[in-house]
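Each remark here refers to the structure printed beneath this line.
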Amino acid sequence: MSGPTEVLVIVAVVVLVLVRQFRTERLSMDRKWWLLPLILGFVAVKDGSLADPQHMAESGVLLGIELLVSLGTGIGWAFTTRIWADEYGDVWTKGTVATAGAWAGGIAARAAVVGVGLAMGVHLGSSSLMLGIALSLLARSGVLMWRAGHEQAAYVGAVPQPAWEDRR
């Protein structure tokens, strides 16, 4: 995949995810939640341009840091998402202001990694960003599915028991 096409795919995925994140949405427990991250990760790795060929060790370290930032962003994103079950047992999600903060923090951290790389003369391509987004999506979806299982277990009959973040 060419550079401009990768950038277009990344922008389209981010816009799609952001729009869906801040709307109230029913979480489908039987959905293949891992499929989009898997496809993005495959495309990123298949391209073969994850590392700067002139600075293999440095780009490997930066890629590792990028992936740790992505993992943290995905986990933070999932734990700041409001999740609840209705009287029928369906689980619903919606992003909060804290979710937007997790996104902003993740973007700032990724920009810092790229900035450090540029200062060192190391170029991380768009494939590393795509792999990072794939890891963030995978972490977010996995944690949401885990939380959804606990949310459904928090119900006794049709009487909702508040989740920990909703208690006041």
Side-chain angles (χ1 to χ4, degrees), residues 1 6-46 50 63-115 124 126-168:
M1 190 179 295
E6 269 186 17
V7 171
L8 186 62
V9 168
I10 290 169
V11 169
V13 167
V14 168
V15 167
L16 172 73
V17 168
L18 277 174
V19 166
R20 290 182 63 203
Q21 175 64 40
F22 291 102
R23 276 190 324 215
T24 301
E25 188 170 68
R26 189 172 65 84
L27 188 63
S28 175
M29 299 298 281
D30 58 349
R31 188 177 75 176
K32 304 275 189 279
W33 54 269
W34 46 265
L35 191 58
L36 178 62
L38 183 72
I39 291 169
L40 286 175
F42 175 77
V43 170
V45 171
K46 178 191 76 71
L50 287 174
L63 180 61
I65 294 169
E66 163 76 23
L67 294 179
L68 286 174
V69 165
S70 297
L71 183 63
T73 301
I75 292 170
W77 180 17
F79 276 109
T80 58
T81 298
R82 183 169 182 267
I83 186 168
W84 70 96
D86 63 15
E87 64 271 8
Y88 304 107
D90 292 333
V91 178
W92 296 82
T93 65
K94 184 174 182 171
T96 63
V97 173
T99 307
W103 263 90
I107 290 170
R110 285 184 175 120
V113 170
V114 170
L124 289 177
S126 57
S127 292
S128 65
L129 177 61
M130 188 180 295
L131 186 61
I133 290 172
L135 186 58
S136 288
L137 288 172
L138 187 64
R140 175 203 176 253
S141 298
V143 170
L144 278 180
M145 289 297 160
W146 174 77
R147 286 184 64 205
H150 288 320
E151 186 66 29
Q152 284 180 327
Y155 272 70
V156 179
V159 180
Q161 303 297 319
W164 67 269
E165 67 268 12
D166 293 334
R167 292 186 184 156
R168 295 190 185 172

Query raised in the report: Between atom CZ of Arg82 and atom OG1 of Thr24, what is the distance when rounded to the nearest 0.5 Å?
Result: 8.5 Å

Query raised in the report: Rounded to the nearest 0.5 Å, how far apart are CG of Leu137 and CG of Leu35?
Result: 12.0 Å

Query raised in the report: Can you check whether Met145 reaches Leu27 side chain to side chain, under 4.5 Å on heavy atoms?
Result: yes

**Report entry** Nearest heavy-atom neighbours spanning Val69 and Gly106
**Finding:** CG1-O, 4.2 Å

Query raised in the report: Can you find a heavy atom in the side chain of Ser70 that is under 4.5 Å from one in the side chain of Arg110?
Result: yes

Query raised in the report: With under 30° as parallel and over 60° as perpendicular, where do the rings of Trp92 and Trp84 fit, or are they tilted in between?
Result: parallel

Query raised in the report: Where the side chain of Arg147 meets the backbone of Ala78, is there a donor-acceptor pair that is under 3.5 Å apart?
Result: yes

Report summary line: Rounded to the nearest 0.5 angstrom, the CG-OG distance for Leu131 and Ser136 is 10.0 Å

Query raised in the report: Where do Ala102 and Thr73 come nearest, in terms of heavy atoms and distance?
Result: O-CG2, 4.0 Å

**Report entry** Euclidean distance, Leu135 CG relative to Glu66 CD, rounded to 0.5 Å
**Finding:** 9.0 Å

Query raised in the report: Roughly how far, to the nearest 0.5 Å, is the OG1 atom of Thr96 from the CZ atom of Phe79?
Result: 13.0 Å

Query raised in the report: Is Leu144 close to Trp77 at the side-chain level, that is, under 4.5 Å between some pair of heavy atoms?
Result: no

Requested in this report: Determine whether Trp34 and Leu138 make a side-chain contact, defined as any pair of heavy atoms from C-beta on separated by less than 4.5 Å.
Outcome: yes

Query - Between CG on residue Leu63 and CG on residue Leu68, distance to nearest 0.5 Å - result: 10.0 Å

Query - Nearest atoms (heavy-atom pairs only) where Ser127 meets Ala44 - result: O-CB, 3.3 Å

